[in-house]
Trainee: 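This is the structure, below, for whatever I ask next.
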Amino acid sequence: VQLQASGGGLVQAGGSLRLSCAASGRSFSTYGMGWFRQAPGKEREFVAAINWSGGSTDYADSVKDRFTISRDNAKNTVYLQMNSLKPEDTAVYYCAADKRGWGALVSYDYWGQGTQVTVSS
């Protein structure tokens with residue numbers, strides 16, 4: 001499966017963005033999906049994940065209650081709605097997919113190219 005992330009940009013603190021990750025290939029609905037981010041000089045970190053049906057989700061503590069992950073299997077797309085953005089959310093955001101599972105600890109097989117999110121104070 002190939003993943004294409006989009007929707008990043010520059011936003012002021014307190015603002016919102018919605019990231020999209022479009023998947024090509026068949027059987028998107030059988031993949032667990034995740035969002036990760038990497039800030040300059042820092043390691044990549046888990047942000048959110050969703051299971052194949054969209055019925056289960058998981059979030060990093062730092063984004064819980066501000067970010068929402070969702071998916072539309074008919075459109076082969078996963079979303080990350082980001083509200084109440086903070087300067088510390090600035091990073092390159094990556095989507096990832098894996099057939100074996102979902103969540104923070106999965107070693108995802110497929111990765112998108114990343115989209116830059118910059119939050120100004």
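Computed from a predicted structure; not experimentally measured.
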Trainee: State which residues pass ring-ring contact (aromatic ring centres under 6.0 Å, His included) with Trp102; sequence neighbours excluded, sorted by chain then number.
Mentor: none

Trainee: Got a sec, which pairs hit side-chain hydrogen bond (donor to acceptor under 3.5 Å, both in side chains) with one end in residues 18-36, sequence neighbours left out?
Mentor: Thr30-Lys99

Trainee: Excluding sequence neighbours, so at least two apart, what forms side-chain contact (heavy atoms from CB on, under 4.5 Å) with Val11?
Mentor: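 Val11 satisfies side-chain contact (heavy atoms from CB on, under 4.5 Å) with Leu17, Leu85, Val119 only.
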
Trainee: Which ring pair (Phe, Tyr, Trp, His ring centres under 6.0 Å) pairs, counting each pair once, include a residue from residues 52-97, with sequence neighbours left out?
Mentor: none

Trainee: Under the side-chain hydrogen bond (donor to acceptor under 3.5 Å, both in side chains) rule, what pairs show up with a residue in residues 67-77, not counting sequence neighbours?
Mentor: Arg71-Asn73

Trainee: Would you list the pairs meeting side-chain hydrogen bond (donor to acceptor under 3.5 Å, both in side chains) in which at least one residue belongs to residues 2-15, sequence neighbours left out?
Mentor: none

Trainee: For Asp61, give me all partners under salt bridge (Lys or Arg N to Asp or Glu O under 4.0 Å), at least two apart in sequence or on another chain.
Mentor: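 Result, salt bridge (Lys or Arg N to Asp or Glu O under 4.0 Å) vs Asp61: Lys64.
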
Trainee: Check Val117 against Gly8 and note the closest heavy-atom contact, atom names and distance.
Mentor: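 Heavy-atom minimum between the residues: CG2-CA, 4.1 Å.
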
Trainee: Can you list everything that forms a salt bridge (Lys or Arg N to Asp or Glu O under 4.0 Å) with Arg100? Sequence neighbours excluded, please.
Mentor: Asp98, Asp109

Trainee: Does anything in residues 38-47 form a salt bridge (charged side-chain N to carboxylate O under 4.0 Å, His left out)? List the pairs, not counting sequence neighbours.
Mentor: Arg37-Glu45

Trainee: What residue pairs, at least two apart or across chains, pass disulfide bond (SG atoms under 2.5 Å apart) with a residue in residues 14-111?
Mentor: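 Listed by first then second residue: Cys21-Cys95.
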
Trainee: Counting N and O atoms only, with roles assigned by atom type, does the side chain of Asn51 sit under 3.5 Å from a partner on the main chain of Ser56, one being a donor and the other an acceptor?
Mentor: yes

Trainee: Can you list everything that forms a ring-ring contact (aromatic ring centres under 6.0 Å, His included) with Phe28? Sequence neighbours excluded, please.
Mentor: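 Phe28 satisfies ring-ring contact (aromatic ring centres under 6.0 Å, His included) with no residue once adjacent residues are dropped.
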
Trainee: Can you list everything that forms a side-chain contact (heavy atoms from CB on, under 4.5 Å) with Gln116? Sequence neighbours excluded, please.
Mentor: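 Residues passing side-chain contact (heavy atoms from CB on, under 4.5 Å) with Gln116: Thr90, Val92, Thr118.
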
